[in-house]
> 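So that we are looking at the same thing, I have put the structure below in C-alpha cells.
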Amino acid sequence: VQLQASGGGLVQPGGSLRLSCVADRIQDYDYYAVGWFRQAPGKEREWVSCISSREGTTYYVGSVRGRFSISRDKAKNQVYLQMNSLKPEDTAVYYCAADGSYHSYTTWYKDRDEYAYWGQGTQVTVSS
C-alpha cells in the first residue's frame with residue numbers, strides 16, 4: 001500500500017487549500033479509515049481529522065471543526081481535506097494515513113500508532 005499526499009502550498013490567512021491523499025496498490029480503499037495529521041516545527045505530530053471506513057463518518061479536532069472538511073471519492077481512490085479560513089497556526093506538514101484493521105476502542109483514530117500506512121507529507125504555509 002502506498003499513499004501519496006499532495007495539494008499543499010503557501011496561502012494567505014483566510015484562504016483555502018484542498019489536500020488530496022491517493023492510494024496506490026490497494027483494493028477497496030473505502031474499507032480503510034483515513035486520517036490526516038500535521039506537524040509544525042518543534043511540535044509533536046497531531047491528529048487533525050479522520051473519515052471512517054465504509055459508512056464514512058467524519059471526525060475533527062476542535063481547532064479545525066467548522067473550517068476543515070474531509071471527504072472520500074471512492075471511484076478515484078482519493079481522500080480529500082478541504083481547508084477553509086486558514087490561520088497561521090495551521091502551518092505544518094500535513095500527512096495522511098490509512099488503516100483497515102479492527103480497533104478495540106472508539107477513539108483509536110486519534111492515535112498515530114494505530115495507522116499502518118503513511119503518506120510522505122505535504123507542506124502547508126499560511127502567511128501574509
Side-chain angles (χ1 to χ4, degrees):
V1 175
Q2 291 185 339
L3 302 179
Q4 181 81 20
S6 63
L10 173 63
V11 63
Q12 293 186 341
S16 298
L17 284 173
R18 187 178 78 161
L19 306 184
S20 175
C21 180
V22 63
D24 292 330
R25 303 179 186 178
I26 186 172
Q27 292 182 337
D28 298 323
Y29 191 30
D30 56 315
Y31 280 75
Y32 287 72
V34 177
W36 285 96
F37 290 75
R38 66 186 179 186
Q39 188 166 18
K43 294 188 177 181
E44 293 287 321
R45 188 172 300 188
E46 69 166 345
W47 169 73
V48 175
S49 180
C50 176
I51 185 165
S52 71
S53 61
R54 300 182 183 87
E55 65 273 15
T57 304
T58 58
Y59 307 91
Y60 302 94
V61 68
S63 59
V64 309
R65 190 174 293 118
R67 300 188 297 123
F68 290 12
S69 177
I70 190 170
S71 61
R72 186 193 298 268
D73 185 330
K74 296 179 182 180
K76 296 183 178 180
N77 252 17
Q78 295 207 34
V79 170
Y80 303 104
L81 185 68
Q82 178 67 44
M83 306 187 297
N84 298 327
S85 303
L86 282 161
K87 304 176 181 180
E89 51 263 42
D90 295 317
T91 295
V93 177
Y94 283 70
Y95 299 88
C96 62
D99 195 85
S101 60
Y102 170 78
H103 300 272
S104 61
Y105 61 109
T106 57
T107 58
W108 69 268
Y109 51 83
K110 298 181 181 181
D111 186 349
R112 61 184 183 182
D113 293 334
E114 295 290 334
Y115 290 86
Y117 309 106
W118 287 83
Q120 84 289 1
T122 184
Q123 176 70 47
V124 171
T125 303
V126 184
S127 175
S128 55

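We count residues from 1, following the sequence as given.
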> For residues Val79 and Ile51, determine if any side-chain heavy atom of one lies less than 4.5 Å from a side-chain heavy atom of the other.
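Heavy-atom side-chain distance check passes, below 4.5 Å.
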> Quick check on the 6.0 Å ring-centre criterion: do Tyr115 and Tyr109 meet it?
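Aromatic pair excluded; centres sit 6.0 Å or further apart.
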> Taking all non-hydrogen atoms of both residues into account, name the closest pair between Gly121 and Ala5 and its distance.
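The answer is N-CB, 4.4 Å.
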> Using atom types as modelled and distance alone, determine if a side-chain donor or acceptor of Gln4 lies under 3.5 Å from a backbone N or O of Ala23.
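No; zero donor-acceptor contacts below 3.5 Å.
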> Determine the minimum heavy-atom distance between Leu3 and Gln120, stating which atoms define it.
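Taking every non-hydrogen atom into account, O-OE1, 3.9 Å.
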> Give, for atom CH2 of Trp108 and atom CG of Asp113, the distance between the pair rounded to the nearest 0.5 Å.
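Answer rounded to 0.5 Å: 12.0 Å.
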> After noting the C-alpha distance and the side-chain angles of Glu89 and Arg38, does the key distance pass the salt bridge (charged side-chain N to carboxylate O under 4.0 Å, His left out) rule?
CA-CA 11 Å; Glu89 51 263 42; Arg38 66 186 179 186; over 6 Å; no
> Which distance, rounded to the nearest 0.5 Å, do you find between the CZ of Phe37 and the OG of Ser49?
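The OG atom of Ser49 is 10.0 Å from CZ of Phe37, to the nearest 0.5 Å.
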> Checking side chain to side chain contact (heavy atoms under 4.5 Å, CB included) for the pair Tyr95/Gln39: CA distance, chi angles, key distance, verdict?
CA-CA 8 Å; Tyr95 299 88; Gln39 188 166 18; 4.3 Å; yes
> Identify the heavy atoms of Gln123 and Thr91 that sit nearest to each other, and give their distance.
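Shortest heavy-atom separation between Gln123 and Thr91 comes out as NE2-CG2, 4.1 Å.
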> Measure the spacing between OG of Ser127 and CG of Asp90 and express it to the nearest 0.5 Å.
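Ser127 OG to Asp90 CG: 12.5 Å, rounded to 0.5 Å.
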> If you round to the nearest 0.5 Å, how far is OG1 of Thr58 from CZ of Phe68?
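The CZ atom of Phe68 sits 14.0 Å away from the OG1 atom of Thr58.
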> Indicate yes or no: at least one non-hydrogen side-chain atom of Trp36 is less than 4.5 angstrom from one of Ile70.
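Yes, close enough: below the 4.5 Å cut-off.
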> Validate the cation-pi geometry between Arg18 and Tyr80: distance from NZ or CZ to the six-membered ring centre under 6.0 Å, angle to the ring axis within 45°.
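That pair qualifies as a cation-pi contact.
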> For Thr122 and Ser6, indicate whether the former's side chain and the latter's backbone hold a donor-acceptor pair under 3.5 Å.
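Flag not set: sc Thr122 to bb Ser6 has no pair under 3.5 Å.
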> Show your reasoning for whether side chain to side chain contact (heavy atoms under 4.5 Å, CB included) applies to Arg67 and Tyr60.
CA-CA 10 Å; Arg67 300 188 297 123; Tyr60 302 94; over 6 Å; no
> Run the numbers on Arg112 and Glu44 for side chain to side chain contact (heavy atoms under 4.5 Å, CB included), then give the verdict.
CA-CA 11 Å; Arg112 61 184 183 182; Glu44 293 287 321; 3.7 Å; yes
> Return yes if some donor-acceptor pair links the side-chain N/O of Ser53 with the main-chain N/O of Tyr32 below 3.5 Å, else return no.
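No, Ser53 side chain to Tyr32 backbone: no donor-acceptor pair under 3.5 Å.
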> Look at the side-chain heavy atoms of Ile, Leu, Val, Met, Phe, Trp and Tyr, link any pair under 4.5 Å apart, and say whether Tyr117 and Val22 land in one connected group.
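Cluster IDs for Tyr117 and Val22 differ.
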> To the closest 0.5 Å, what do you measure between OG (Ser52) and OH (Tyr31)?
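So the gap between those two atoms works out to 12.5 Å.
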> Does any non-hydrogen side-chain atom of Val34 lie less than 4.5 Å from one of Arg72?
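Yes; the side chains approach each other to less than 4.5 Å.
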> So does Ser16 get a backbone contact from the side chain of Asn84, meaning a donor-acceptor N/O pair under 3.5 Å?
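No.
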> Is there side-chain contact between Asp99 and Glu114, with heavy atoms separated by less than 4.5 Å?
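Heavy-atom side-chain distance check fails, nothing below 4.5 Å.
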> Please test Val11 against Thr125 for side chain to side chain contact (heavy atoms under 4.5 Å, CB included), starting from the C-alpha separation and ending with a verdict.
CA-CA 6 Å; Val11 63; Thr125 303; over 6 Å; no
